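Since this is a predicted model, take the numbers as computed values, not measurements. Each chain gets a letter, A, B and so on, in the order the sequences are listed, and its residues count up from 1.
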Amino acid sequence: MSKNVHLNDTTSEDIVRFFIWGIWRYYNTITREEPVVETPYLYNGTDDFLSHNGLIGISGSLKGAVIFSICPGQLKELASYYQGNEPESSQFLLDLTGEISNTISGNVRQFLGENFIISTPKTSNSYAVRELGFTSDMTFVFPITWRSHRSFLLVSLIDPKNNVSILNS
Amino acid sequence: MKLLIVDDSLMICRTIEQTYSAWPFTQIETVHDGLLAIEKFRTFSPDVVTMDITMPEMDGLTALKEIILINKSAKVLVISALGDHHTAIEALSIGADQFICKPFTYDDLKQAMDELLESI
């Protein structure tokens with residue numbers, strides 16, 4: 001995958017592949033250990049996020065949000081690749097969560113182009129998915145396993161021209 | 001030599017700071033948005049700037065344009081998660097000297113900075 005695609009030609013399978021590639025690239029570049037990204041599934045409306053969450057708003061050619069959700073155990077291991085042996089603060093762990101969500105979302109622009117506009121990250125350790133109002137028909141969950149840790153990426157995108165999901169078409 | 005790090009991520013700032021010993025910088029300043037980057041560029045007069053793009057208050061490309069207006073010879077390494085070719089080309093056309101895409105390795109950062117420093 002190395003060239004931009006036009007949205008009109010982009011299938012939901014393409015979008016799924018782009019985000020899986022983004023997840024894989026992040027972990028593999030930072031840790032040299034590949035994550036396992038399981039088959040994405042439609043958000044079922046009941047899952048809650050893990051303790052640390054980074055949210056990126058999407059605008060432009062697509063509209064929606066990308067959220068990376070991760071537990072502190074995995075975050076501390078990832079932080080060690082940035083900070084060495086320095087003790088990690090809760091502020092740094094939350095900052096890293098936002099940086100991961102920003103990196104994965106930004107990297108996807110390699111395929112979706114510059115009109116896939118991403119916001120600066122918002123971070124929280126208290127999201128409940130249900131409060132954010134994502135609907136199951138337009139939201140995909142990408143389960144991630146790295147070492148023994150679980151995390152997930154939630155991607156909710158619509159085509160603003162006709163207000164339909166880009167992932168479930 | 002002086003280095004100005006511009007990134008809204010504390011983690012990325014820390015990573016670049018920790019790598020500085022590979023280079024001949026003796027003073028380092030860090031700011032977290034584009035507006036502060038312009039102010040700090042005027043007062044700190046860095047030899048090199050590392051610049052993120054997606055930041056609050058003012059994005060890095062806009063800040064880069066202002067910095068080039070202040071000093072058209074400014075040496076800027078753009079470090080961004082935005083992976084599309086258009087953004088990289090735009091950054092270089094505005095006046096950035098190097099562009100690397102997040103996530104980056106130590107070797108990616110060192111190579112880009114070494115090449116930039118060779119041009120000074």
Side-chain angles (χ1 to χ4, degrees), chain A residues 1-5 18 21-32 54 56-57 60-61 66 75 78-86 88-123, chain B residues 5-22 30-37 51-63 78-94 99-112:
Chain A
M1 291 190 284
S2 62
K3 65 186 180 71
N4 284 359
V5 295
F18 300 157
W21 173 85
I23 294 164
W24 179 88
R25 182 169 189 264
Y26 177 80
Y27 281 92
N28 198 46
T29 302
I30 297 299
T31 71
R32 300 291 181 197
I56 301 291
S61 54
V66 175
L75 263 180
L78 289 172
S80 69
Y81 288 92
Y82 293 86
Q83 296 185 222
N85 293 323
E86 290 191 23
E88 63 284 330
S89 68
S90 57
Q91 184 186 17
F92 271 100
L93 292 183
L94 210 49
D95 177 84
L96 177 56
T97 310
E99 182 62 18
I100 297 171
S101 59
N102 172 69
T103 300
I104 294 171
S105 303
N107 282 189
V108 171
R109 278 171 52 125
Q110 179 170 336
F111 310 108
L112 295 177
E114 67 271 19
N115 290 324
F116 183 79
I117 299 168
I118 67 171
S119 73
T120 55
K122 290 181 171 54
T123 56
Chain B
I5 301 168
V6 186
D7 201 304
D8 60 334
S9 166
L10 303 174
M11 194 67 75
I12 295 298
C13 292
R14 175 71 61 84
T15 299
I16 299 170
E17 283 174 352
Q18 288 184 337
T19 311
Y20 89 96
S21 60
T30 301
V31 295
H32 304 300
D33 70 59
L35 272 179
L36 290 174
M51 179 72 76
D52 186 16
I53 293 180
T54 306
M55 293 185 291
E57 305 300 334
M58 178 188 284
D59 68 85
L61 291 180
T62 305
V78 173
I79 303 174
S80 173
L82 303 182
D84 57 295
H85 293 158
H86 179 271
T87 299
I89 290 168
E90 186 178 5
L92 295 170
S93 68
I94 291 170
F99 183 102
I100 61 175
C101 190
K102 298 175 183 176
F104 57 85
T105 64
Y106 171 85
D107 289 341
D108 296 331
L109 179 59
K110 186 171 187 311
Q111 181 179 342

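- Considering all non-hydrogen atoms of both residues, A/Phe92 and B/Arg14 come closest at CZ-NH2, 2.9 Å.
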Kindly determine whether B/Lys102 and A/Glu99 satisfy side chain to side chain contact (heavy atoms under 4.5 Å, CB included), including the steps that lead there.
CA-CA 10 Å; B/Lys102 298 175 183 176; A/Glu99 182 62 18; 3.1 Å; yes
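- Here the closest heavy-atom approach between residue B/Ala81 and residue A/Asn107 is recorded as O-ND2, 2.8 Å.
- Note: B/Ile12 CD1 to A/Asn102 CG = 9.0 Å, rounded to the nearest 0.5 Å.
- Taking OG1 of B/Thr15 as the reference point, atom CD1 of A/Ile30 lies at 7.5 Å (rounded to 0.5 Å).
- Between the OG1 atom of B/Thr105 and the OH atom of A/Tyr81 there is a distance of 13.5 Å, given to the nearest 0.5 Å.
- Residue A/Ser119 touches chain B through its backbone alone, counting heavy-atom pairs closer than 4.5 Å.
- The distance from atom CG of A/Leu96 to atom CG of B/Leu10, rounded to the nearest 0.5 Å, is 10.5 Å.
- In terms of modelled atom types and a separation under 3.5 Å, the side chain of B/Asp84 and the main chain of A/Arg109 share no donor-acceptor contact.
- Contact of B/Phe104 with chain A is made through the backbone alone, with heavy-atom distances under 4.5 Å.
- Residue B/Glu17 qualifies as enclosed at atom CD: its count of foreign heavy atoms under 6.0 Å is above 12.
- Here the straight-line distance linking atom OG1 of B/Thr54 with atom CD1 of A/Ile118 works out to 4.5 Å at 0.5 Å rounding.
- The greatest number of non-hydrogen atom pairs below 4.5 Å with chain B, out of A/Ile104, A/Thr29, A/Asn28, is found for A/Thr29.
- Smallest separation of non-hydrogen atoms from A/Thr120 and B/Pro56: CG2-N, 3.5 Å.
- Residues satisfying the ring-ring contact (aromatic ring centres under 6.0 Å, His included) test with A/Tyr27, not counting sequence neighbours, are A/Trp146.
- Within the 4.5 angstrom heavy-atom criterion, only side-chain atoms of A/Arg32, from C-beta onward, approach chain B.
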